[in-house]
K.L.:
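Got a structure for you, questions after.
Residue indices begin at 1 and follow the sequence shown. A quick note: this is a predicted structure, and the numbers were derived from the prediction, not measured.
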Amino acid sequence: MPSLKAIKRRINSVDTTKKIMKAMDMVAAAKLQKVKARLDAARLFAQEAKNMLAAFDDAGELAENVFFAPRAVKHTVYLIITSDRGLCGSHNANLIEKLRAHIRENKIEHERIIAVGSKGYDYFTARGKYILRAFPDVSETVLYVDAIRVADYVAGLYTSGEADEVYMAYTKFESALSHSPQVSKVFPMSVDVDPEAAAKSTNMAYDPDMHSFLDHAMPVFLNAFVYAALIESSACEQAARMMSMEAAVNNASEIIGKLTRSYNRRRQSVITQEISEIVSSASIMK
């Protein structure tokens, strides 16, 4: 049975860990609030881009565009957005499993990976997957310039023919307690929007013409889609970390309670034994 000193030392150790987890919980909560403040704007940006594409679709301008025209599929690329750090529960594992299920269901062979976040990169590298490029240190502080770098690389792969179809795997933020892993097609693009919202874009005038405007606007639209996915994933990461740290704090409190009860029982046993020894010694001396 452990000594009183050993139990006390373990109580202090768990209490120190609890304080660290509590601090990390508060940090994650603060970061989540900051990301959520940007999330609505990012979603609106991406939605308006889709609405404008719907206007082009109605005008018949998308059929011959390189980003929309279908092609024979030889090379499939997955862009996966994971975190750079751990301690966020099953956030990364659920997304990776969703991507693997998509690969199995579509019977895709020799897929290529673009990893945004070190966790996805480490996972697929360890399993011998073909990593085209990694973008580390993005998930903590998502900037629009990060979306531009990722989107430009993906667009370059598609226009050069190195990729015939591109999917993006990310985690959609629904609430602090609900996150949904998603795998959506990036290229070839398709338009699926609210007709009423899209109708607002049909009255726009384009200079010099709609086709030229589309060529210049497509990179901006792609940036909007990637940026929204990065923000969604970042919000989910912080929410998952907050939940994990909260669970860790509760577990630490439970362990401390058990150790405290064990300490008290052990201390009472020691005191009882000492009293018994004193009484026995006094009886012998009489």
K.L.:
So do the side chains of Gln268 and Tyr263 get within less than 4.5 Å of each other, counting heavy atoms only?
P.N.:
no
K.L.:
Is there a donor-acceptor pair closer than 3.5 Å between any side-chain N or O of Asp84 and the backbone N or O of Ser118?
P.N.:
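Checked: pair present.
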K.L.:
Would you say the side chain of Val116 lies within less than 4.5 Å of the side chain of Leu230, judging by non-hydrogen atoms?
P.N.:
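Yes, side chains in contact.
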K.L.:
Any idea which heavy atoms bring Ala46 and Phe225 closest together, and the distance?
P.N.:
O-CE2, 3.5 Å
K.L.:
How long is the gap from CG on Asp164 to CD on Glu162, to the nearest 0.5 Å?
P.N.:
10.5 Å
K.L.:
Kindly indicate whether the side chain of Leu32, heavy atoms from C-beta on, has any atom under 4.5 Å from the side chain of Phe173.
P.N.:
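They are in side-chain contact.
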K.L.:
Measuring only between side-chain heavy atoms, which start at C-beta, is Glu174 closer than 4.5 Å to His179?
P.N.:
no
K.L.:
Can Leu4 be reached from Leu259 by stepping across I, L, V, M, F, W or Y side chains whose heavy atoms are under 4.5 Å apart?
P.N.:
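In one cluster: yes.
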K.L.:
Applying the ring pair (Phe, Tyr, Trp, His ring centres under 6.0 Å) criterion to Tyr167, which one of Phe187, Tyr158, Tyr78 satisfies it?
P.N.:
Tyr78
K.L.:
Atom CD of Gln238 and atom NE2 of His91: how far apart are they, to the nearest 0.5 Å?
P.N.:
9.0 Å
K.L.:
Can you name the nearest heavy-atom pair linking Leu95 to Ile81, along with the distance?
P.N.:
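Between these two residues, the closest heavy atoms are CD2-O, 3.0 Å.
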K.L.:
Which heavy atom of Lys119 sits nearest to which heavy atom of Arg85, and what is that distance?
P.N.:
CE-C, 3.6 Å
K.L.:
Which pairs, with at least one residue in residues 6-19 and sequence neighbours excluded, count as a side-chain hydrogen bond (donor to acceptor under 3.5 Å, both in side chains)?
P.N.:
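Matches after skipping sequence neighbours: Lys18-Ser253.
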K.L.:
Ignoring hydrogens and angles, tell me if any N or O in the side chain of Ser139 forms a donor-acceptor pair with the backbone of Gly117 under 3.5 Å.
P.N.:
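No, because the side chain of Ser139 does not come within donor-acceptor range (under 3.5 Å) of the backbone of Gly117.
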K.L.:
For the backbone of Gly156 and the side chain of Thr159, can you confirm whether one donor and one acceptor N or O come within less than 3.5 Å of each other?
P.N.:
yes
K.L.:
So, using side chain to side chain contact (heavy atoms under 4.5 Å, CB included) as the criterion, who are the partners of Ala41 when residues are at least two apart?
P.N.:
none
K.L.:
Mind checking side chain to side chain contact (heavy atoms under 4.5 Å, CB included) for Ser244 and listing every partner two or more places apart, or none if nothing turns up?
P.N.:
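For Ser244, no residue satisfies side chain to side chain contact (heavy atoms under 4.5 Å, CB included) once neighbours in sequence are set aside.
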K.L.:
Is any side-chain heavy atom of Glu232 closer than 4.5 Å to one of Leu39?
P.N.:
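Yes. Closest side-chain heavy atoms under 4.5 Å.
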K.L.:
What I'd like to find out is whether the side chain of Tyr170 reaches to under 4.5 Å of the side chain of Ser184, using heavy atoms alone.
P.N.:
yes
K.L.:
Measure the spacing between OH of Tyr130 and CD1 of Ile114 and express it to the nearest 0.5 Å.
P.N.:
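Atom-to-atom, Tyr130:OH and Ile114:CD1 are 11.0 Å apart.
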K.L.:
Using atom types as modelled and distance alone, determine if a side-chain donor or acceptor of Asp25 lies under 3.5 Å from a backbone N or O of Met21.
P.N.:
no
K.L.:
If the test is side chain to side chain donor-acceptor pair (under 3.5 Å), which one of Glu165, Glu109, Glu111, His110 qualifies with Thr76?
P.N.:
Glu165
K.L.:
Tell me whether Ile113 is reachable from Val150 by hopping between hydrophobic residues (I, L, V, M, F, W, Y) whose side-chain heavy atoms are closer than 4.5 Å.
P.N.:
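No; Ile113 is not reachable from Val150 via cluster members.
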K.L.:
Whether the side chain of Gln182 engages the backbone of Lys172 through a donor-acceptor N/O pair (distance < 3.5 Å, no angle test) should be reported.
P.N.:
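Answer holds: no.
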K.L.:
Are a donor atom and an acceptor atom from the side chains of Arg100 and Tyr123 found within less than 3.5 Å of each other?
P.N.:
yes
K.L.:
Here's one to test your reading of the geometry: is the NZ or CZ of Arg149 within 45 degrees of the ring axis of Tyr153 and under 6.0 Å from its centre?
P.N.:
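No, cation not above the ring by the 6.0 Å, 45° rule.
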K.L.:
Counting only heavy atoms from other residues, nucleotides and ligands, does the tally under 6.0 Å from OH of Tyr121 exceed 12?
P.N.:
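12 or below, so no.
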K.L.:
Using a strict cut-off of less than 4.0 Å between a Lys/Arg side-chain nitrogen and an Asp/Glu carboxylate oxygen, indicate whether Arg241 and Glu246 qualify as a salt bridge.
P.N.:
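Here Arg241 does not pair with Glu246 in a salt bridge, since their nearest N and O are not under 4.0 Å apart.
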K.L.:
For the pair Ser269 (side chain) and Arg265 (backbone), establish whether a donor and an acceptor sit closer than 3.5 Å, ignoring hydrogens and angles.
P.N.:
no
K.L.:
Could you see if Val73 belongs to whatever hydrophobic cluster contains Val186? Use Ile, Leu, Val, Met, Phe, Trp, Tyr and a side-chain cutoff under 4.5 Å.
P.N.:
no
K.L.:
Yes or no on side chain to side chain contact (heavy atoms under 4.5 Å, CB included) for Tyr144 and Ile231, after CA distance, side-chain angles and deciding distance?
P.N.:
CA-CA 10 Å; Tyr144 187 68; Ile231 292 291; over 6 Å; no
K.L.:
Determine whether more than 12 heavy atoms belonging to other residues, nucleotides or ligands lie under 6.0 Å from atom CZ of Arg71.
P.N.:
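More than 12 heavy atoms, drawn from other residues, nucleotides or ligands, come within 6.0 Å of this atom.
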K.L.:
Closest approach of Met189 and Leu222, non-hydrogen atoms and distance?
P.N.:
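Taking every non-hydrogen atom into account, CE-CD1, 4.1 Å.
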K.L.:
Please check this pair: side chain of Asp146 against backbone of Val142, looking for a donor-acceptor N/O pair closer than 3.5 Å.
P.N.:
no
K.L.:
Please name the residue in the list Asn223, Leu143, Val226 that meets the side-chain contact (heavy atoms from CB on, under 4.5 Å) test with Ile148.
P.N.:
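Answer after filtering Asn223, Leu143, Val226: Asn223.
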K.L.:
Count the heavy atoms belonging to other residues, nucleotides or ligands that lie under 6.0 Å from NZ of Lys185, then report whether that count exceeds 12.
P.N.:
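More than 12 within 6.0 Å, yes.
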K.L.:
Would you say that Pro188 contacts Phe68 through its side chain, given a criterion of any heavy-atom pair below 4.5 Å between the two side chains?
P.N.:
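Counting from C-beta outward, Pro188 and Phe68 never come under 4.5 Å.
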K.L.:
Do Met245 and Met26 belong to the same hydrophobic cluster, where Ile, Leu, Val, Met, Phe, Trp and Tyr are linked whenever their side-chain heavy atoms lie under 4.5 Å apart, directly or via other members?
P.N.:
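Unlinked, Met245 and Met26 end up in two clusters.
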K.L.:
Okay, side chain of Ser90, backbone of Ala93: is any donor-acceptor separation there less than 3.5 Å?
P.N.:
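Not a single qualifying donor-acceptor pair exists.
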K.L.:
Looking only at heavy atoms, which two atoms of Cys88 and Asn92 are closest? And how far apart?
P.N.:
SG-ND2, 3.7 Å
K.L.:
Are the side chains of Leu79 and Val154 in touch, meaning some heavy atoms are under 4.5 Å apart?
P.N.:
yes
K.L.:
Starting at CG of Leu99, measure out to CG of Asn94 and round the result to the nearest 0.5 Å.
P.N.:
13.0 Å
K.L.:
Identify whether Val166 and Val138 are in the same connected component of the hydrophobic contact network (ILVMFWY, side-chain heavy atoms under 4.5 Å).
P.N.:
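As far as the 4.5 Å side-chain criterion goes, Val138 and Val166 are connected within one cluster.
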K.L.:
Where is the tightest heavy-atom contact between Glu237 and Ser83, given as atom of each residue plus distance?
P.N.:
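Minimum heavy-atom separation between Glu237 and Ser83: CD-CB, 3.3 Å.
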